[in-house]
Amino acid sequence: MSAKVWKEYDLDNVAIEKISEDVQSYMKEIGEESRNIHRNRLVIEELLLRIKDSSDEVKKICVLIGRQYGRHVFRMTYNGVAFDPTSNEESSFILLETIGLVPMWGYKRGQNAVSMTLSGRAKKGRLFKILLAVVVAGALGYLGTFMPVGIKQGIDESLLAPLINCFLGLLSTFSGFMIALTISSGVLGVGDASTFSRIGKKVISRFFIFTMLAASVALLASYPFFELTTGESGGASFKIKELTGMFFDIIPSNPIDPFSTGNSLQIIVIGLFVGVGLLVLGERTKSLVTFVREGTTLTQWLTSTVCSVVPVFVFVALLHQIWGGRISALLTVWKPLLIVAILTIVWGVIVVIFTSIRVRISPIKLVKKIFPAYILALSTGSSMMAFTTGMEVCEKKLGVEPSYVRFSYPMGNVMYMQGTVIYLVVISMFFAETYGLKVGLMWLVMTVVTAGFLAIAVPPIPGAAIMLFTVLFSQLGIPQDALVMATAMDVVADFFDAGANVFLMILEITDGANSMKQLNHEVLNK
């Protein structure tokens, strides 16, 4: 089928079936998995039926199915009064838009427009390109040993170093805005002020508390495995006022400085306050809500576009490291990866036992019920790929009330990443050891707080990992040279993290539903 041709249809049941079949055929052509084909076809059919039933004025609809701007997309336009078919009384679409799983709607000059991404397979392509970049950089690095030192140094200083600085500058430009808008979108996804007060506040509070707990446990458990240099602020010389000052400094003095200085904690606070304010004011700030939602989409697209050249960055940065004689640290990356794997497994076992006692179910049975979603996230390295399966596990196998799942699961997929927070804490300790940073109590507390907030704030989208590293390292004083090692490590760790994130999130949703009397124990123990 043609990939970039708009087709016009008379909007009736026959056309709806034809469009759905075309979407299915296109997704099969690009090799998409059957579960995603089925999910997207159902969503598109639902959208078309809503448009058809909304008004007798809509007689025709224009549809495009194909590749645009590097993505496989479905787009449709229709004339008439403004009608948003993506609106949902459960208010979960804003959260799903944050991770690119549902369509977006817009209206301009009498025309409605709906678009959505069809494919979730880009991750495998990026993985191959990163591995290829590592191999090529290693080969050229070896060949560089036969080059005159002057030529090698000239290329390094005049080309490689400027390219690295340019890439890091682009990341820094967009990271603050993306974090603030994502946090605001997450809060808006609660729906309204009453829902936020009744359910949302409890869910978000639980996410925050357990994320910080996981970060703290990761730091305490991994500390003995690293040889850290104690700084002047460590030990007995540490003053309480430094700790309290750190927390008071989270509140920005003005709305500009956090973005110009890259203070991630202050940016998160701004996003949180803006989201809560818009939620409380409701309809009076409808245009601002639209701005936040569209701004979130824009910044994530910009970030994903910048991060599409991550393989090039890996190649350039790795070659820069090799030619600069700084490659020895790469040989030790097995250490943090092994520590992360062990800590995540141990933490998962603890949470399984805790949850099984709370909800009164055998730990083995609980793990078996969650396993399909876990193995899908683990094998694909993406929590988004396990989205549909995870929701089905919560509703049909664990007995969580559907209304609670439709609210908590999308939010958890954005804000609850315990595997990620453990990973962030451990690699922070690893790079502190590698670069000989002075580590005191203040630095350790900042590590827990920053890693915890970033795990909550940054969504699971392409490019988010390197964004996390950029912001985290800047906050903790870790040299940006560590980015190339962190990116290389992420190729391996991302699969393990995604599985842990989904597994631990489903456990939290089950326990949270039980505490709010939203859990059907008959289904749970079936």
Taking only residues two or more places apart in sequence or in another chain, which ones pass side chain to side chain contact (heavy atoms under 4.5 Å, CB included) with [X]?
X	value
L163	L159, V316
A513	V400, Y404, Q518, L519
A432	L228, L437, V439, W443

The criterion is ring-ring contact (aromatic ring centres under 6.0 Å, His included); which residues satisfy it with [X], sequence neighbours excluded?
X	answer
F315	none
F225	none
Y423	none

Q) For the side chain of S515 and the backbone of G512, is there at least one donor-acceptor N/O pair under 3.5 Å apart? A)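 Flag set: sc S515 to bb G512 pair under 3.5 Å.
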Q. Pairs in or reaching into residues 205-225: which pass salt bridge (charged side-chain N to carboxylate O under 4.0 Å, His left out), with residues at least two apart or in two chains?
A.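 Of all non-adjacent pairs touching residues 205-225, those that pass salt bridge (charged side-chain N to carboxylate O under 4.0 Å, His left out) are R206-E508, R206-D511.
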Q: Assess the pair F453 and F208: is the distance between their ring centroids shorter than 6.0 Å?
A: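 Under 6.0 Å, so yes.
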Q.
Checking E401 now: which residues fulfil salt bridge (Lys or Arg N to Asp or Glu O under 4.0 Å) with it, not counting sequence neighbours?
A.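 Checked E401 against salt bridge (Lys or Arg N to Asp or Glu O under 4.0 Å); zero matches.
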Q) Taking only residues two or more places apart in sequence or in another chain, which ones pass side-chain hydrogen bond (donor to acceptor under 3.5 Å, both in side chains) with N501? A)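 So N501 forms a side-chain hydrogen bond (donor to acceptor under 3.5 Å, both in side chains) with T420.
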Could you go through residues 272-279 and list every donor-acceptor pair under 3.5 Å that involves a side-chain atom there, pairing it with any protein atom two or more places apart or in another chain?
none

For a quick test of your reading: what N or O donor-acceptor pairs under 3.5 Å do the side chains of residues 337-355 make, sequence neighbours left out?
residue : atom : partner : partner atom : Å
T344    : OG1  : V340    : O            : 2.7
W347    : NE1  : Q418    : OE1          : 2.6
T355    : OG1  : V351    : O            : 2.8

